[in-house]
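As structure tokens, the structure follows; a few thoughts come after it.
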Amino acid sequence: MSDAPIIAQKSPYPVEVTEGKTYFWCACGKSKRQPFCDGSHKDTSFEPVKYTAEASKKVFFCGCKHCANPPLCDGTHNKL
């Protein structure tokens with residue numbers, strides 16, 4: 001089993017988040033509900049990353065699963 005996550009897509013997922021709402025970002029890349037966790041990480045070393053929206057706005061969740069500061073995109077997908 002690889003320690004590297006699966007690349008779900010090489011671009012971010014734009015999502016309108018709601019202030020105060022908590023989201024669980026998929027870190028393994030296996031979820032069928034990208035960019036969010038659906039429990040597919042079971043039996044892996046990955047855990048979802050909790051994100052609580054500070055404001056209602058559009059944010060860009062990492063799609064490549066290799067960003068340095070998950071769960072938000074930092075442009076790492078441009079180097080893959």
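If you read the sequence from its start, that first residue is 1, and numbering goes on from there.
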statement: Exactly one of T44, V49, D43 clears side chain to side chain contact (heavy atoms under 4.5 Å, CB included) with F46, and that residue is T44
- prompt: Within a strict 4.5 Å, meaning less than it, do heavy atoms of the H41 and E47 side chains meet?
  reply: yes
- request: Let me see the working for V59 and Y51 under side-chain contact (heavy atoms from CB on, under 4.5 Å), right down to the final yes or no.
  value: CA-CA 11 Å; V59 297; Y51 174 82; 3.6 Å; yes
Any donor-acceptor N/O pair, T52 side chain to T22 backbone, under 3.5 Å: no
message: Can you give me the closest heavy-atom contact between Y13 and C62, atom names plus distance?
response: CD1-O, 4.1 Å
query: Is the backbone of C67 close enough, under 3.5 Å, to the side chain of D74 for a donor and an acceptor to pair up by distance?
result: no
- request: Compare every heavy atom of S40 with every heavy atom of C28, then report the nearest pair and how far apart it is.
  value: SG-C, 4.4 Å
task: Mind running side-chain contact (heavy atoms from CB on, under 4.5 Å) on K58 and V15 for me, showing each step along the way?
output: CA-CA 5 Å; K58 184 184 290 187; V15 177; over 6 Å; no
- line: For C64 and L80 the tightest heavy-atom approach is CB-CD1, 3.5 Å
Verdict with reasoning, I7 to H66, per side-chain contact (heavy atoms from CB on, under 4.5 Å): CA-CA 8 Å; I7 297 171; H66 287 77; 3.6 Å; yes
Test side-chain contact (heavy atoms from CB on, under 4.5 Å) applied to I6 and K65, step by step: CA-CA 7 Å; I6 294 169; K65 312 302 178 183; over 6 Å; no
task: Starting at SG of C37, measure out to NZ of K32 and round the result to the nearest 0.5 Å.
output: 12.5 Å
query: Under 4.5 Å between any side-chain heavy atoms of W25 and P70, yes or no?
result: yes
- request: Ignoring hydrogens and angles, tell me if any N or O in the side chain of S31 forms a donor-acceptor pair with the backbone of F36 under 3.5 Å.
  value: yes
- prompt: Does atom CG of N78 have more than 12 heavy-atom neighbours from other groups under 6.0 Å away?
  reply: yes
- prompt: For the residue pair Y23 and F61, does the interplanar ring angle fall in the parallel (under 30°), tilted (30 to 60°) or perpendicular (over 60°) class?
  reply: tilted
